[in-house]
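This report refers to the structure that appears directly beneath it.
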Amino acid sequence: MTLNDSRILIIGAGLMGAGIAQVAAQAGHAVLLFDTRAGAAEAAKAKLAQTLDGLVIKGKLTADAVQATLARITPVDALAPVDLVIEAIVENLDVKRALFAELEAVLTPEAVIATNTSSISVTALARDMKRPERLVGMHFFNPVPLMKLVEVVSGLGTSPDVAQAVFDLAGRWGKTAVHARSTPGFIVNRIARPYYAEALMLLQDRAATPEVIDACLRAAGFRMGPCELMDLIGHDTNFAVTNSVFAANFFDRRFTPSLVQQELVDAGFLGRKTGRGFYRYPEGAPALPIVSIAPPRAARLVVHGRGALAERIAANVPEGLREFDSDWVGLAIDGRQLRLTDGRCARDFGPGTAVFDLPLAPVGDIAYAGDPATVAWLTRLGLVPRAVADLPGLVVARTIGMLINEAADAVSQGVCDEAGADAAMKLGVNYPAGPFEWLAFWSAAPVVALLDRLDQHYCGERYRVSPYLRRLPT
Ligand code: NAI
């Protein structure tokens, strides 16, 4: 089956519905736009006209193209029979179910209903439907015209042909579609949980400031650090998503929400929108002090270990000898050791040792713990040292390790495949790389070792290693 020439009814003319209407009309579809709020569909079309006119002024669209797009969008005041319905109404199970019952009375049996729900089970939404095989998730990201990802979510009853038709349609609209099974958080909202959770754990442990956590993760290639990102999303929204994933997983402690965030919500410090979250606004995150420490001269430098990270160190220390068969990666400076974190703490190695974080980018801020004199050598590696508490996995390593772990669990549970997980995280939340791309760079054995050490340290369930990850070749 194909939906490529379908007439489309979009229900809900809010933020998402309006964006979906724009994309569908620009792709040439006749679009009907319906909203129960009187005047909402007309207002959405008028606002879209303004936005598109702005793009004409900037030279990004022609006036003719805008006219043609707008002519394809018709606000309507009743449900109408079409080939495809895309639902983007309020995020409420009962309201959506009631709408689907109304729709089934109007639509032909062949029509497809796609829901843009971001958190409700597609399986549960389909429960009372006469034709549950015709319901599929079509999860767009905000802002719809700019974000490339669409998660195509299949519930237990969804027909594979229906999912494939929606997948193909999204591709025709210039989006990258990824198949997902309907499980809590689908792909992106599930795999992304540790990005926030690890920052919140570090804050709860008083291990680092929000400024340092954000700087280190920005240096690792993320557009925003987790603290500034939570401030942008709004702590109420972010906390609600975390709670819903936690509850939907039968309170698996892996997904436990944070008291640190609960307190921000209790205080009404919701982030940018209230003028205060981790930071105060409009100022935002203060800049970190500039660090300029020159490493002292050393008699004997030895680069330890193999692999991409050892090679990067060796490139910065060309005069260094090599100890390829070492069981650690880093730099020995006379009697001192500067070790890449493997989940052990600096204190586990005695005096003269510092551990440093996973350097995903060759330059920039990097977390360390341990001997400050040894740490001066990080500047030789092109890195800017930022002190944090001596905890396993520092900042970036534990965050990336946990993102990989969550993605591994998602794949092993059939939520998506590895390529789908990578595409979803890069296109849905702009990650600099996908979890399995990081894994290819870092390799499975050190990730598993790091997570096992976090698990021993916290003695909880959060750092339970995915059996899928443990089985991967090292
Ligand atoms: P919104 O509040 O901007 O728009 C919802 C619209 O639906 C409103 O105009 C409302 O009047 C209308 N509506 C409510 N009940 C209706 C009904 N029974 N029949 C017809 N119209 C009805 O909400 P938004 O943000 O556009 O979200 C819509 C859906 O998209 C939700 O399911 C949400 O979870 C999902 N979503 C939202 C994202 C976001 O970033 N806001 C991202 C991805 C998905």
Side-chain angles (χ1 to χ4, degrees), residues 117-124 136-141 147-156 158 160 163 166-167 170 176-198 222 226 238 241-257 398-444 447-448 450-452 454-455 461-473:
T117 180
S118 48
S119 64
I120 304 175
S121 154
V122 174
T123 303
V136 63
M138 191 177 193
H139 183 209
F140 290 87
F141 289 73
M147 297 300 284
K148 287 266 175 222
L149 181 69
V150 175
E151 292 179 337
V152 176
V153 186
S154 290
L156 208 51
T158 304
V166 165
F167 184 98
T176 299
V178 174
H179 283 292
R181 212 158 60 77
S182 184
T183 47
F186 309 142
I187 306 173
V188 170
N189 277 334
R190 173 204 182 136
I191 297 179
R193 292 337 305 150
Y195 192 61
Y196 315 108
E198 288 311 302
F222 291 87
N238 190 260
V241 177
T242 305
N243 271 294
S244 89
V245 172
F246 181 48
N249 282 289
F250 305 113
F251 304 102
D252 182 342
R253 291 182 57 196
R254 165 96 146 255
F255 300 103
T256 309
R398 66 193 277 165
T399 304
I400 299 294
M402 286 296 280
L403 289 169
I404 292 171
N405 198 43
E406 199 53 55
D409 251 3
V411 170
S412 93
Q413 291 161 15
V415 177
C416 56
D417 59 18
E418 292 188 6
D422 282 348
M425 301 319 287
K426 287 193 288 185
L427 300 176
V429 271
N430 293 321
Y431 281 6
F436 291 96
E437 292 170 339
W438 284 316
L439 184 64
F441 173 71
W442 195 3
S443 81
V447 180
V448 169
L450 183 109
L451 294 173
D452 277 339
L454 277 158
D455 191 37
E461 289 181 31
R462 187 182 288 277
Y463 299 97
R464 189 175 73 220
V465 172
S466 164
Y468 181 90
L469 187 56
R470 219 183 265 290
R471 278 200 312 271
L472 289 179

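Since we're looking at a predicted model, the values are computed, not measured.
Residue H139 comes nearest to S118 through the heavy atom pair NE2-CB, 3.4 Å, listed as atom of the first residue, atom of the second, then distance. Scanning both residues, A197 and R462, for their nearest heavy atoms gives CB-NH1, 3.5 Å. Taking both residues in full, the closest heavy atoms of T117 and F186 are given as O-CE1, 3.4 Å, listed atom of the first, atom of the second, then distance. The minimum heavy-atom distance linking V122 with V153 is given by the pair CG2-CG1, 3.7 Å. When all heavy atoms of A424 and I187 are compared, the closest pair comes out as CB-CG2, 3.7 Å. Of all non-hydrogen atoms in L403 and A192, the two that sit nearest each other are CD2-CA, 4.2 Å.
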Please report, to 0.1 Å, the donor-acceptor pairs under 3.5 Å made by any side chain of residues 427-438, with sequence neighbours excluded.
unit_1 : atom_1 : unit_2 : atom_2 : d
E437   : OE1    : K426   : NZ     : 3.3
E437   : OE1    : G434   : N      : 2.8
E437   : OE2    : K426   : NZ     : 2.9

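Using a 4.5 Å cut-off on side-chain heavy atoms (C-beta onward), N238 and T242 make contact. Looking at heavy atoms from C-beta onward, R464 lies in side-chain contact with D252 at the 4.5 angstrom threshold. Q413 places none of its side-chain heavy atoms less than 4.5 Å from the side chain of Y468. Contact check for I191 versus V415: no side-chain heavy atoms found under the 4.5 Å cut-off. Between V178 and L149 there is a side-chain heavy-atom pair separated by less than 4.5 Å. Contact annotation: the side chain of N405 never approaches that of V447 to less than 4.5 Å [non-hydrogen atoms, C-beta and beyond]. Side-chain contact between D452 and R470 is present, with at least one heavy-atom pair separated by less than 4.5 Å. Contact annotation: the side chain of T399 approaches that of Y195 to within less than 4.5 Å [non-hydrogen atoms, C-beta and beyond].
Distance CD1/I404 to CG/L439: 5.0 Å, rounded to 0.5 Å.
By the salt bridge (charged side-chain N to carboxylate O under 4.0 Å, His left out) test, R254 pairs with E406, D409, sequence neighbours left out.
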